[in-house]
Structures are given as C-alpha cells and as structure tokens.
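Notes follow the structure.
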Amino acid sequence: MKSKILIFALSSLLFLQSCDDQLDILPEDGLGSATLYQNDAGALAGLSGVYSRFVAAYRESILNAMYPSAVTDEGFENRSVNRFFLENSFASNNAQILDSWTLLYEGVYAANIMLAELENSTGISETSKAVFEAEARFLRSYLLFELQKNFGGIEGIPLPTENTLKQLLPRTKGVDVYAQIIADLEYAEQNLPRIQEATAGRASKDAAQALLARVNLFRAGAPFTNDGDYYTKARDWAKKVMENGYQELNPSYEDIFNKLATEQYDTKEVLFQIGFYFGNQDQNQSNKLGSTIGMRVDDGSCNNRGYGLISAAITLTEAYRNDPSDERGLWNVSPYYVPNNNNCEFRTQFNQTAYPASKYRRFLESGGTGSYGPHHFPVLRYSDVLLMYAEAENKLNPGSAAALDAVNQVRNRAKATPLVGPITEALIQEERRLELCFEGLRKYDLIRWGILEEKVNETKAALQAADGSENTDWPIYGSGSPATRTNITENYYLDGYNNYVDSKHQLLPIPEQEIGANDLITQNPGW
Amino acid sequence: MKNQLTLFIKKRKSDLLVFLMILCGVLCSFSAQAQVKTIQGVISDEVGIPLPGATVMETGTKNGVTSDFDGNYTIQVNQGASITISYVGYTTKVVLIQGEKSTYNIGLDPDFQQLDDVVVVGFGTVRKKDLTGSVASVKMDKLTEAPVANFDQALAGRVTGVQVGSDTGEPGAGLQITIRGGNTINGDNSPLYVLDGFIIENFNPGILNPTDIQSIDILKDASATAIYGARGANGVVLITTKQAKSGKTRISYETRLDVKNVANKLEVLDAYEFVKLADEINPSSASEKFFGDDSGAVVGGVEDYLNAPTANWQDEAFKTAYTKSHTMKVASGSEATKLDASINLVNDEGTLLKSEFKKINGRLNLRHKVNDKLDFNLNTIYANTERLGLDTEGTSSYSFMRNLITYPNVVNKFKDYGDSNPLYGINPDEFDVNNIFNWHPIVSLNNEYRKRETNQFIANLSVKYRITRNLDFEAKGGYNGDFRQTGVFNNSNTVYGRLINPINGINGTMDYQNYKTLSNINTLTYRNSFGKHNLNVLVGSSLNSRKITRTFIRSIQIPKYAESQGINAMDEGTLSSTDDLIGSSEERIQSLLGRLTYAYDNKYLLTASIRRDGSSKFGPGHNIGYFPSLALSWKAEEEEFIKNLGFISQLKFKGGYGKTGNDRIPGDARFDLFTSNLASYFLNGSEVLGQRPTSSGANPDIEWETTSQYNAGVDLGLFNGRIAITAEVYEKTTDDLLINADTPPSLGISSVWKNSGTVRNRGLELALSTSNVKSKNFRWTTDFNISFNQNKVLSLPEGKPIFGNPNYYWRYASNQYIVEEGKPLGNMFGYISDGVYQPEDFANYNEDDASHTLIAGQPDYDGGSPIRQPGDEKYKDLNGDGKITPDDKTIIGNGLPKHFGGLGNTFSYKGLELSAFFQWSYGNDVMNANRLIFEEMTHSAQNQYASVKNRWTPTNQDTDMFRALGRGFEDVSSRVIEDGSYIRLKTVNLSYAFSKKVLDKLQVNSLSIFLSGQNLITWTDYSGFDPDVSVNRSAIMPGVDYSSYPVSRTFSLGLNITF
C-alpha cells in the first residue's frame, strides 16, 4: 500500500511540470511595435528610426552625391580602381547598388510600420497622430522618389504601403508611383508645421511644397508625358514657397556650404537637409561627403583628408572661368589643393581637366575620422525652388520675364553677370548646373530633360579636346614655374563616358538579390 | 496473476537448484566430508538495482549458479570457501563465506576496464550486445594517448560516421563535429552534447580533462537519438565523467610536456623578386619606394636588389611552443560513500607568437548510499579556460595572415635610416599607413590583445529511490552556469587603434555573456521478466530553462597616455552608444518521454521510444512536437544453428527508424522587434534616440525541422571475438529545413526564418577490429573504420538555388557556393579557369601598342574595359556568347569528402606498448582563397606567394599564372580549387608500464611513461598550410582556406603514477 502511494506521488511529480502555457515566453530584449507607439516620445523614436535610414543610405555619399554627378557634364570619378558603379561598368550584382536599394526600402518599411502602428495606437492624440503621419508620409514619399528616380522608369518600382506589409510586390507603373508620392506629399503639406515652427532638420510644410515642385517636374519630364499639366503644378508649388515670405537666399553662396560643414541650419536657404554628426566619436552617424566630393587635402594632419574623388568636367570649369565674377566658380571648382608636407597651405593644381569638385570642405568640420565626417547634405535649397519656378514658368510661358527674374535672383546672389533675356530652356538648364552642381541632382535632371546621352558625348569630346592644352588657371592662380602645365588626360577619365549605353544607363539595375527572391519583379532594360 | 507467474518460475528454479545442490552435496560427500552450507542473497549493481544473470561460483571450483531476474541466487558451498561473483561490465568480487551468516547481498561496482561491453544510451545503459540502435563508443584509452588539450582534438578518424574538422589550428579552438553528414542548410550541424545526463548548450570541450572522461558514446541513428526529440537530429554525444567506486584510497599524478611547431610554411617572394614585381605593377610607386635616395632623386633600379637581405616574417611570427599539463586525482570509497576528484592544469602555448590556451578544471563525483533503497550521486565540474592571441582570420577587410604574407620584406636601400630599422616600425614614409590592409605582422602580434575567457560551473545531483524490486524512481537536478567574457584592446600600434587616419582611435571592447541553465529530469524505470520475456519501461519528464544575459561595452578614443594600462584603460575613453549594450533572453523546453525495451528469449530485441517536446522558440500552436522511434534486432548468435558453426561468436542484425528535430534558431525568430542600433538621428544640434524595425522579419508559424532516419546494420564477431566487424547503412531525410531565407530587399527586411526544403544523407559505415596476435607477452590489434556519406538536396524554397558567400575578404564578395536541387551541399561556384590569353589570341597584337582586338572565338570580359592583354587571366565561356559574364559561373568543386576514416595499430610486449594511428579524408576540395589574394599582383606594396614568379611575361609565355595586373574578376575560379584529400599520421604513442617488481620496490601502485606525437606527417597535394581547414564554416560552405591558423606538429613526453 505504502509503495502504491509512493508511486502515485512520484508519478504526479513526473507529469506536474508539463504545463505548455509556460512555453510562450515573450522577448525581454527589444521592443515590439505595440509598445513603442503608445506615446509621443515613442513615436518620435520611431520617426528617428525612419530618418536613420537616410544616414545609412547616404553614409557612403555614393547614391546621393557621387553617382548623380559621375559621367555627366558636371563631373566624373577620378579614380583608377574600384569604381564600377561610377564608371558604368557594373552588373546587377553590384553590392553598393544592393545596399542603396535595401536601405531605402528599409526606410519605406519603417515608415509603413509607423503609419500602421499610429493607426492602432490608443496613447497618442489625434492631433499629434496627424502630424506624425504627415512626417512619416513625407519621408516615405522622399524615399520612394529616390527609388523611382534611380530604378523605376516607366515600369516603376515595387510600392509597399502600410497596408501591404510583408507582401511580395510587383513593379508599380512609374506614373502610379508618382501619384502615390504626390498624394503623400500633399497630405504632408496639409499637416506639417511651417518651417520656422518645425524643429530644425525635420520635415516642414515648406519643404513639402518645394518637394512637390520637384516631384511634379519629374512627373512632367522624360520618360513620362506631361499628361496632367504637371508643369503648372510644379510652378504653383514653387510659387507657394516663394510667396511664403520666409525663404530667402543667403547673401553669401559659400556660407551655405560652410554652415552645412559645421552642422548648422540655415532654414531660409535650405528647406531640407540630411543631418550627420560625429557625436560620441561615432563614424556610423557621419558620412563621406567631405572626403569624396569635396576639396582635395592630401595631408591628413590638416584637419582631415579630402580625397576629391569626383572631378569637375572641363566644360563646367570653363563655364565658370568665362564669368570670373561668378563666385560659384572658385567655390565649386577650386584650382587649389593642400598637398602633403606643405604646412597645410594651398598650392595650385596642374591638371585642369581633373580638378576635384570642391563644394564641400572637410577642414571646416569639427571632428571626423578617416573618410567620415559630420557634413550635412542639402536636399532642397531655395535657389533650386527659384530655378524650378523659372523652368516650369518658362515651359508654360516661353521667354517669361518672371522666369528670367527668378534666374537672375540666383545669379545676383552669386555676383554672376545677370542674364539679359530672353530666357530659354537651355539657359535655365545651364543655370541649374552652375548653381546646383554636386548636390545630387544633375544626372536626374539630364534624364528628365532627355539630354543625358547628348551631354555625355559633349563632355567626352571636350575632355578629349582639352588633352594636351594648357592650364588656363595657371597664369592667374599659379605661382612660380610649374614642371608642366599640360593636362594629362588619363585613359580612365574617359572610361565612364566610353562605357555609357543610353538604353541601359539611365536607370540602375534592379539588384540581383531582389530579382532572385521576388518572382513578381522584372529587370530594367539592358541589364 | 503476474505474481503467481513469477513465483512459479522462482519455485521451479529453486526446485531445480535444490535438486542440483543435493546431487552435488551427495557427490561431494563422497570425496570429502567438508561441511556444506547453503547461502543466498541478491546481487545488485552499484546503486542497488538487481543484476539478473550474474555468475556466482565457488572460488576455485566448477560449482556455480546464475542469479535470477531479481538478482536472487542460492548456492551451496563449503564452509570457509569463498564465492566469486562476476557480471559483464562489473568488477568481479570475491566474498569469503564464514560464520553463521547465510545471506550475502552483494553489490558490484562497474568495471571501467570493460567499458566496451556497456554502452551509455539516453537515460540509461545497455549491454553492447543488446543494442538495437546505432551507437558508437569511443575507445577512451586510445583517445587519451593523443597529446591534446581537449578531447575533441583527438576524435578525428576514431569513430565511423563522425566527421571532425578544424576551422583553424588555434590553440583551444573548438572543432566542428558532424555526424552522418550535415542536415541543416543554414544553421549549426554540430551534435547535441549531453554531459552526465544533462544537455549542455554551446558545449566547450575545454571544461573537461580527457582522462577524466569515463566514456564517450555517440548516438547516430534516430532510434537512439529520438529520446532527445527536438534536439536530437544532429546526433548526440553522451559524455560520462568518471564515477566514484569503492576501494582503497588512490592518489595519482599525470604530467605531460609537449613541444610543438608549425608543420610547414608558405613560400613568398624574396626581396629581389618582390621589388621586381612592385616595379612591374606600378613603376612610379616602386621608384619612389625603392629607387630614390633621401633627396627623392632616382638612383637605383630593380637589379640593385639582387641578393638583398630579405626579412622572413613567418620565421619571426612562428615559434616552437610548449604545452605543460598536470593532473592530480584522488579516488576513495567505502560501501556507503565514494568519491572521485581531480584537478587538471594545462598551459598550451600556440605556435604563433602570443597565442596561448590555458585551462584549469576541477571535478568531484560523490556517491552516497543511504540504504538499499536510496542513493545520492553528486557531480560537479568547475572549469576556467582562457584563449589569448589575435584572430588570424580577422574581418573581411583585414586579416593577420594577409599582413604576414603581403607585408614588404625589404626597405629602400638608398635611404639612410640612421639607427632605426624601418622594417620594424610603422613607417609612414615607406608604407601607406592609411592602408589598413598592410599592417606590420609582428607589430600586430605584439600589440593586438584578444582574450576569451570562460568560467563554467556545473553541478548535478541525482537521487535514486528503489520503490520496489522492479521499479526505480530517479530525480535529477542540474545547474550549469556558463560565464564567458571576451576582451579586445587595440592600442595605437594596431590597425584598429591607429592614430594616423584613425577609425575609432585607441579602443577596446568587453563582452560578457552569461548562460544559466536549470534542468530537472524525473524518470521511472520498470523492469521485469516473465519466462522468456524481458521488459524494461522508462517514462520521464524533463524541464530545461536557459537564461542568457549579455553586456557589451565599447570604449573608443582612449587617450594615448592611458594605453599602457592595456584593456584597463577602457574607462579612460568614450563609451560608444551605437552597440546593443545590454540584453537578456530565456528559452524553455519541457518534455515527456517514454521508452520500452523488450527482449524475447535473449534473441529478439525491440526498442520503441517517444518524446513529446514543447519549446519556447516556437509560437503557440507550433510549439509541441512528437518524436517517435522503433528499432528491432536479432541476435542470431544465440540460435543453435549459428552456435553449431563454431567460429561465429556474434552475429546480430538490427534495423530502426525514428524522427528527430532541430530547433536551432534564435529565440525571437517569431517576433517583430525594433532595435535602437543605428536608429538615432541628428536634429537641431542633438541626437534623437530612435527605434527602427530589425532587419529580420518575424515568422509566427516557424516550426522545428524534422529528420527521419532509417538505419540497418550487422555486427559480426568471428573466432571468439578476434575479428569484429560492424557495418551499417542509413538514410536520413530532413524536411522543413530551418532556413534563414533572404527576403526581397523591397520588403524592407533582409531575412526571415522559414521551414522549407528537404535534404537527404545516405551513407555506409564500416568498422573492423582484429586481434592479429594474442600471445602471453605479445599482442597486436588493429582498428579500421571508414565512412561514406552522400548528400543531396531534394527540394528548396520555390525550387531556387541558395548561394553562399564566405565573406573572407570584402572585395571577393560574390556568390562562391551554390545549393541546388538534386545536387549535394558544399558545391563551390565560380568560373572555369582557362589559363591566360596568349598573343595568338589577338588579331593585331603588337607588344608596343595596346590597341588590339581579340580574334573571333576568343571570349572577352563583359564590358571589355580595360582592353584585354596577353597574359590576362582567361576563363571558359560556357554559354558561348563570346563574353565572360556571371552566367559562365558553374560548379567547380565540392568541399565534402567522399569518404574518411582511420586506421590504428597497437603492438604490446609486456609493459611496452606502441600504437600508431592514421586518419584520412578523401575527395574533398579546398577553396584556397589565399591564392586569390596572395597571387593577385595588383598592389605594388604587397608581397605575394613565390608561385607568382612563374607569371606570364613576354619572355615567359608558357604558363598558367597570369601577368602582373592581369588578374581577372574578383571572384573564384577553378584555378584556386585544390584537392584537399589527405592521409595523416595523426597519433603515435609509445608507452611503458613498469612491472610489479619495480612498482613494489618503489612502493607505488602503477607507473608508466610515454612518448607521443600528434600530426606527425601529412600526405597531401594541397599547397596551403593544411588541407584540414574550413574558415567561416557552414553546411553549405565547407572547405574555405583563408588566413587560417596553421595546424601544429606536436611531440610529447609524459608520466603517470598512482600511489
């Protein structure tokens, strides 16, 4: 009997512990979405998470800065190794293209999660929700715009929204992508605060208006048709910014870039910028803008090196030198650099065909390491708004005096000789190059104007013609007797231009990894 | 009814016994009028479980009986005689019969000399000849002959079906053990380790002293592993430490001294050849570096470096290393209380400067018998291990071995460096310090600090209660505290801590990981027999909870004045905030298990088991799994017709089937989470901390992958066991593979865990042991084993191939492995090398003019830029489109062996014993990625393998080595795929045990000395350090060699003494 009780007792002990409900252990480390979006502070953290994807995507300064300049009439990459992406010699398995695609879509996903969770949130007021939603949609539209410009074309890109989380998506026609981008931005424009009321660095009503102007211009241009009067919309949005009464041009062109180098906000001139920093000595939050596309500084002891990887096209240099009063010339394409062992002093460069783009100047940065610094990247400037206005207005009223006036506002600030008119499309296109070069716009502008191939060939011919000619800057800026003043056009300056195939290189390929994992998607032509 | 039956059997048996005894007594009474006495009792094992079938003999006579199923015996012996009790697997005991006492209950102790006969299976032991599943027991005496710090280093080639591979030869580094081929594609294929009955996750072999291990039994087929259910699919390694036994106190001491060196070094260009190559690659840079004087004027040329002194970095980086090992053991025991304790100290130097492995471990086993019904058993282990020395493999952009091979071995002979030797400094004038890929190898060794320390404490207590004669209850509780810390410090002389063009300045990290596991196992065992029926039933439950906490600290920008403090200077720097600093998680597994073992007539055996597992890694509705198994066996040797043949001592057929699982995925795979890592943003002058979705998406429906395995085998023993052969075949199919599948990046997440795909492994294993000579003084035995495994991927998610990128070096970051349906795992993927382009491949070739075109039929590279030159690397254009594109990549090798095995011979003459053990692997390819980078010839400041001397030049056209700057794609080609087959004289051991005469004189119990060697000779065609290599190992990417730590050759001298 005793042993029977024992058996019973032991058997129950044996099975006692098997309660399956103890198995559902929730993660202790890492927040779930339901907990994050329960108050404004959590929503702000989520928003910061969306913004962080810009930092990740633009950290190498390739997609936003180098690529839109490379192999255009603005510049080329002056480097003999590892430059496949920037010399039109790459395939759909290129790792940097995959990175850009992935990080931009991570941003879209983060914005979509934010939109979905805001919808479900009970802890955030409706007013606050509307503002957060507006900012999430602003960021999503900008991310989608980046993707569409680079990868989309007529066929467009996969277009995830808060309602299609984790669904495999086919390409959405380019025109429909723009419809979504415009809808997002129009909502943002309605609900975001004015720029003077917004936290510096965050999206604003004014930034949404300016971005709407840009997006509408892209929708109006190649490869699309202006089937919805997008020039009128672009002009009206640009005009709205001009009439806001807050934005104005910084009287000093160089001060705009000095402020970006020193992490300052000049919200009157710059409507939206991507913030990088070097807090906690952390290079993951900083970028390569100053080292890749800025003034060349060989000596690392002179407050950071500048590698000057993007060189200005000779045609750009010549355009500036033809109007010596234009302050933008010496700022954007400097004849000077800092060599090694020269007490951090400037010296004139010999080779005029390969002057590094000098728009961004690392030696102004506070902190920085290796190739990385805290340089902010300008996304939308007021002079761009003026030129967009001019462009759209001139499309609608060719030779418009208002368009000429807007262009001359930009030129006057730079102390360039004013244009006398009549204004033409070509003059506005050239003014965009002079004013906005190396700001991540040129290649896309040339594509929407349908003149990329023309400019590629023109620049290549100019480069070849300049070979062996003298450096016209030397008599003005040089000192002493140079060993040689001849330009040395290395073969590889031309590689990117030689490799250019118009039917292929207007778009980047959809990355191999996307094609491999997504049965619904098709590759861009030529890749 | 049952009781009546038992009683009947008992009664009948005792009737017979009485009859025999009477008969015997009558007979005896004629011969001698000795006083005969009847004694009886129960024979039991060390914990009181009755032993049926034990032999009880009157010592020195032929008078004997065997115990019945309940261990009862009755025997008539002469007063004053003694009885000898013996049982397979237990020490024979002699008991003197005297006085009036007539009941002798005798407990036997396990005999660990006879371990071969008993096999540990999950939750119990069985006699080897009663085994139904596939279980391989490691011969511990052979294993411990090898001079190694950790037991796994001696396991290769010892057991069929068990493949042991090294990632790297670093001292103390764990090895990769794969049982019967890799099942799972993504995850970890290492087996489950069970130490003294408890599952140990992240098992660290360094916690054990090899000579403290009683037995290692490897469960291979599913009928054996199914009792481990959801975690048994990769096989199970059961390790039992030495258990205390009764006997007088013994103290023993073991010591060993090993001497090691690197078996071979790699030949690089000498100073002259290096300068010559640099000049070919970049004349202006070479001229600046080597031919200019202090004023910068060019004063020399390549020929000035003929016979220039050459620094040999490998000679300086590798040294002769010593390992010292000391072990002290104490064993003592009375009938009631027994203990076995040991302490072991190993100091294992690596052959690479500053690399070292140290361990200290202590162990105590304490057993106490309260009464006939109740026993306690306590096992405790404490171990501290330390590994020092830099990672030779490094990261994908920097590796030590790259510096060792490519660092310039000569400096400019035209410059005056005064008293300093610039070859030993980090000299910004000579070498580009901004280029982290060229850091001084010896400076690195002397300055990079890496220390991995583990502290582990394991305590297991078991209580066994014998409820009735047939029923036992055992409750076991276990604690396993595993604390690991890794410290890294990069001072200003290291590549990551440099202050010229710095990354993070001087910096350090400390990573603390604490794993705390609590386990409880309760089992009830019932055993009984009815006539020819023999039954053993086990039911049980277990609970396992594992808590993991992690703390990570990174300090950067540490001031230079503080760096002399080493890692202690971390608090002088700035704490970095971008890392995940603190984390914790918990995993829980709850299980119910049952097993039935049934034997009929000791001829037909059946084992059936089932386990129900619940795991917290899977979500509700998916977290319960059932894992059944069934095995049958026929001991034909028990049949009369076999017995009549005479020469067959064992002939057993067995077959089984079972299902097991694999749950090795992260515990949070079913949750969508946010991370703060790199999620902050800079707004208006300050950082706003952020949260972003992690890049791995949740799969709430994730389940375990399951492996179904069939196993069939035969054990054959001939001529009284002189020849023993075991042959087994198996087929296992793994379904619902756990795959960390890449998702389309457009989803915004990069991967998600999925159940998809099927992999099959089929194999044949043969083991043969022979006793070739067995005379009084001389014995010769041979052990041979060979294993074949064929692997095939039956299906994949959506039928698409999966690619692998071993990521050893960022520029060579293409897909280099491919998994395809219908093909095996381990396929290497790349271009087929076609030598080099020759002048005749061009239409208008002119040596002085680079403008020429390839003739029709000669493939060009995609894009064609730059223009091809004679001497450029050439590939086969497989699709014939005239271009070399990624579409021309194909399968160029496979990293899995066709077969592997071992052959050991042991000769003994009196106290002298010599054994030699060979181990091999055949048919596996190695991707010698070193050759991609050390035969690259693209950087003028980097030295290369001596093989580039044979590069193409206009005067040396008959070669396959491309010209300087003529390298093709930054991708793998068949040029660097080499046959990794090898056969190795792995272990040789010569030992001498002193005879009793000497021992008596010295007053010691035993004394032996030995001389042994490890990795003595390797026969291979492989050109690298060692063919047994696989960095970044995974099931789909075996056999990559890049910057691995070379395996060393060891000689050892040792002594064992017992008092």
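In the text below, chain A, chain B and the rest are named by the order of the sequence lines, each starting its count at 1. All values reported here derive from a predicted model rather than from experimental measurement.
In the displayed structure, A:K504 atom NZ is contacted under 6.0 Å by more than 12 heavy atoms of other residues, nucleotides or ligands.
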Show which side-chain atoms of residues 103-110 of chain A pair as donor or acceptor with protein atoms under 3.5 Å away, not counting sequence neighbours.
from	atom 1	to	atom 2	distance (Å)
A:Y105	OH	A:P158	O	2.6
A:E106	OE1	A:R53	NH1	2.9

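A distance-only check finds no donor-acceptor pair linking the side chain of B:S680 to the backbone of A:S48 [under 3.5 Å].
Only the backbone of A:F276 comes within contact range of chain B, with at least one heavy atom under 4.5 Å from a heavy atom of that chain. Heavy atoms closer than 4.5 Å to chain B are found in both the backbone and the side chain of A:I274. A:L47 does not touch chain B: none of its heavy atoms, backbone or side chain, sits under 4.5 Å away. Using a 4.5 Å cut-off between heavy atoms, A:N112 does not touch chain B at all. The contact between B:S584 and chain A is made by backbone and side chain atoms together, counting heavy-atom distances below 4.5 Å. Contact of B:A741 with chain A is not made at all, since no heavy-atom distance falls under 4.5 Å. Residue B:P886 touches chain A through its side chain alone, counting heavy-atom pairs closer than 4.5 Å.
Not counting sequence neighbours, the partners of A:K259 by the salt bridge (charged side-chain N to carboxylate O under 4.0 Å, His left out) test are A:D255.
Closest non-hydrogen pair, B:Y681 versus A:G275, comes out as OH-N, 2.8 Å. When all heavy atoms are compared, the tightest approach of A:I113 to B:P693 is CG1-CG, 4.2 Å. Residue B:S746 comes nearest to A:N518 through the heavy atom pair OG-ND2, 4.1 Å, listed as atom of the first residue, atom of the second, then distance. Closest approach of B:N684 and A:Y265 over heavy atoms only: N-OH, 3.3 Å. Minimum interatomic distance between B:S616 and A:L23 (heavy atoms only, all atoms of both residues): CB-O, 3.0 Å. In plain terms, the two heavy atoms of B:P745 and A:T102 that are nearest each other are CB-OG1, 3.5 Å.
Of the residues considered (A:L165, A:D519, A:L169), A:D519 shows the highest number of contacts with chain B, using heavy-atom pairs under 4.5 Å. For the set B:A698, B:S545, B:G685, the count of heavy-atom pairs under 4.5 angstrom toward chain A peaks at B:A698.
Considering only heavy atoms from C-beta on, A:I521 stays 4.5 Å or farther from B:P744 through its side chain. Side-chain atoms of B:T743 and A:K166, non-hydrogen and from C-beta on, never get closer than 4.5 Å to each other.
Ring geometry for B:F682 against A:H376 counts as perpendicular: the plane angle is over 60°, on a 0 to 90° scale with 30° as the lower cut.
The CG atom of B:L747 lies 9.0 Å from the OG1 atom of A:T164; values are rounded to the nearest 0.5 Å. Put simply, CD on A:E512 and OG on B:S814 are 9.5 Å apart, with the number rounded to the nearest 0.5 Å.
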